[in-house]
Amino acid sequence: MADDASRAGDRYASADILNWCADTHAPHDAGLAQAFDAKGAGLPPIQVGPSEGKSLGLLVKMCGARKIVEVGTLAGYSAVWMARALPADGHLWSFEFDAKHAAVARKNLNAAGIGDRVTVVEGAALDTMASIESEGPFDVVFVDADKKNYPHYGAWAAKHLRPGGLLIGDNAFLFGRLLEDSDEAKAMRAFHEEARAHFDTVCLPTPDGLVLAIKK
Ligand code: SAH
Ligand code: DHB
Ligand code: MG
């Protein structure tokens, strides 16, 4: 259902409604709760929300993914959702710049029971992603790291995803700054436009926008 108000940006979802839906459809067990608590581990609390995490898991199942690439691990919360949606012989490679974040994530992934299905690769993703190219083509690439490099991650995905594979990009509204005249905003707009050139695309209106794209 849509009406003029909601088409113009009004939202019917209050915080209580959003929380009720997250609790109903995307409840946390101990493993998810530990990975969600980035703040408790001394990391910034910038992981995706529970409903977005569950959406990532469902998308992984919908396209029958066996090989996933994530750019931006943090404490491993989105990685737990995606890795749990993989078949037993599937694998997720997750790229993380910060050694402390990578260490916390490895601990959380082990606690969540999927440590053997995930490789956390430390370093700046643009320097390290070449190391897994021989494992491709991949089924899903989830981009959630430094925003200025999104166009590079999108180009990598266009090259290394199989036809029908998914590119997913968080923070596609760039915290509300997407239309500004900054280098970061230009980069995020280039990510949208590049994605459109190589994929069948949409930008879902999650709190900060989620680009969802199928490789042509
Ligand atoms: N996907 C995670 C959240 C990621 S937050 C989740 O939803 O649970 C963004 C992460 O990207 C941070 O941990 C940050 O250290 C990392 N990052 C920033 N620049 C990076 C780079 N160049 N390469 C790899 N990771 C990077
Ligand atoms: C930040 C990064 C993210 O990926 C996010 O979803 C929210 C915030 C950040 O760097 O501040
Ligand atoms: Mg994000």
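Both ligands and their constituent atoms are indexed starting at 1 by order of listing.
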With atoms numbered from 1 as shown, which atoms in ligand 1 lie under 4.0 angstrom from a non-hydrogen atom of Phe95? 24 (C), 25 (N)

N/O/S from Asp208 sitting under 2.8 Å away from the Mg ion (ligand 3): no

Within the 4.0 Å heavy-atom shell around Asp170, which atoms of ligand 2 are there? 6 (O)

Where Val48 and Ser78 come nearest, the two heavy atoms and their spacing: CG2-CB, 4.0 Å

Sub-4.5 Å side-chain heavy-atom contact between Leu43 and Lys100: yes

Atoms of ligand 1 close to His101 [distance to a heavy atom under 4.0 angstrom, numbered from 1]: 12 (C), 13 (O), 15 (O)

Can you tell me how far the CG atom of Asp29 sits from the CZ atom of Arg84, to the nearest 0.5 Å? 4.0 Å

For a quick test of reading the model, state the closest non-hydrogen atom pair linking Gly76 to Leu109 and the distance between them. O-CD2, 4.1 Å

Between Asp89 and Arg117, is the salt bridge (charged side-chain N to carboxylate O under 4.0 Å, His left out) condition met? List the steps. CA-CA 8 Å; Asp89 67 342; Arg117 232 178 276 174; over 6 Å; no

Test your reading of the structure: does Asp98 have an N or O sitting under 3.5 Å from an N or O of ligand 1? no

What I'd like to find out is whether the side chain of Leu59 reaches to under 4.5 Å of the side chain of Ile168, using heavy atoms alone. yes

Residue, atom name and distance, where the atom is the protein heavy atom closest to atom 6 (O) of ligand 2: Asn171 ND2, 2.8 Å

Measure from the side-chain N and O atoms of Asn19 to the backbone N and O of Ala15, and report whether any donor-acceptor pair falls under 3.5 Å. yes

Of all the heavy atoms in Glu52, does at least one lie under 4.0 Å from an atom in ligand 1? no

Touching ligand 2 at all, Lys147? Heavy atoms, strictly under 4.0 Å? yes

Going by the order shown, which atoms of ligand 1 are within less than 4.0 Å of some heavy atom of Asp146? 18 (C), 19 (N), 20 (C), 21 (C), 22 (N)

Let me check your reading of the structure: within less than 2.8 Å of the Mg ion (ligand 3), is there an N/O/S atom from Asn171? yes

What's the verdict on salt bridge (charged side-chain N to carboxylate O under 4.0 Å, His left out) for Arg177 and Glu184, showing C-alpha distance, side-chain angles and the deciding distance? CA-CA 9 Å; Arg177 303 197 297 264; Glu184 217 179 29; 3.3 Å; yes

Are any of the heavy atoms in Trp81 under 4.0 Å away from ligand 1? no

What part of Asp170, side chain, backbone, both or neither, has a heavy atom within less than 4.0 angstrom of ligand 1? neither

For ligand 2, which part of Ile46 has a heavy atom less than 4.0 Å away: the side chain, the backbone, both, or neither? both

Atom 3 (C) of ligand 1: nearest protein contact (heavy atom, Å): Asp144 OD2, 3.2 Å

Atoms of ligand 1 close to Glu70 [distance to a heavy atom under 4.0 angstrom, numbered from 1]: 1 (N)

Non-hydrogen side-chain atoms of Asp181 and Lys186 separated by less than 4.5 Å: yes

Any idea which protein heavy atom is nearest atom 24 (C) of ligand 1, and the distance to it? Phe97 N, 3.3 Å

Which ligand 1 atoms, with their elements, are less than 4.0 angstrom from a heavy-atom of Val48? 6 (C), 7 (O)

Would you find more than 12 non-hydrogen atoms of other residues, nucleotides or ligands less than 6.0 Å from Phe173 atom CZ? yes

For Val71, is the nearest heavy atom under 4.0 Å from an atom of ligand 1? no

Closest non-hydrogen protein atom to atom 7 (C) of ligand 2, residue and atom name please, with distance? Phe175 CE2, 3.4 Å

Count the heavy atoms belonging to other residues, nucleotides or ligands that lie under 6.0 Å from CG of Asp183, then report whether that count exceeds 12. no

Atom indices of ligand 1 within 4.0 angstrom of Tyr77 heavy atoms, with elements: 8 (O)

Other residues, nucleotides and ligands only: do more than 12 of their heavy atoms fall within 6.0 Å of NZ on Lys216? yes

In terms of atom number and element, which parts of ligand 1 are under 4.0 angstrom from non-hydrogen atoms of Ala125? 21 (C), 22 (N), 23 (N), 24 (C)

Counting non-hydrogen protein atoms only, what is the nearest one to atom 5 (S) of ligand 1? Give residue, atom name and distance. Ile46 CD1, 3.6 Å

With a 4.0 Å heavy-atom cut-off (strictly under), which part of Glu96 contacts ligand 1: side chain, backbone, both or neither? both

Are His160 and Ile132 close enough that some pair of their side-chain heavy atoms sits under 4.5 Å apart? no

Who's the nearest protein heavy-atom neighbour of atom 11 (O) of ligand 1, and how far? Gly72 CA, 3.4 Å

Report the relative orientation of the aromatic rings in Phe36 and His28; use parallel for angles under 30°, tilted for 30 to 60°, perpendicular for over 60°. tilted

To the nearest 10°, how many degrees is the angle Asp170 OD2 to the Mg ion (ligand 3) to Asp144 OD1? 100°

Measure the NZ-SG distance between Lys54 and Cys21 for me, rounded to the nearest 0.5 Å. 12.0 Å

Please confirm whether Gly123 approaches ligand 1 to less than 4.0 Å, judged on its heavy atoms. yes

For atom 8 (O) of ligand 1, closest protein heavy-atom neighbour: Ser78 N, 3.1 Å

Check this for me, if you would: do Glu96 and Arg106 make a salt bridge, where the nitrogen-to-carboxylate-oxygen distance has to be below 4.0 angstrom? no

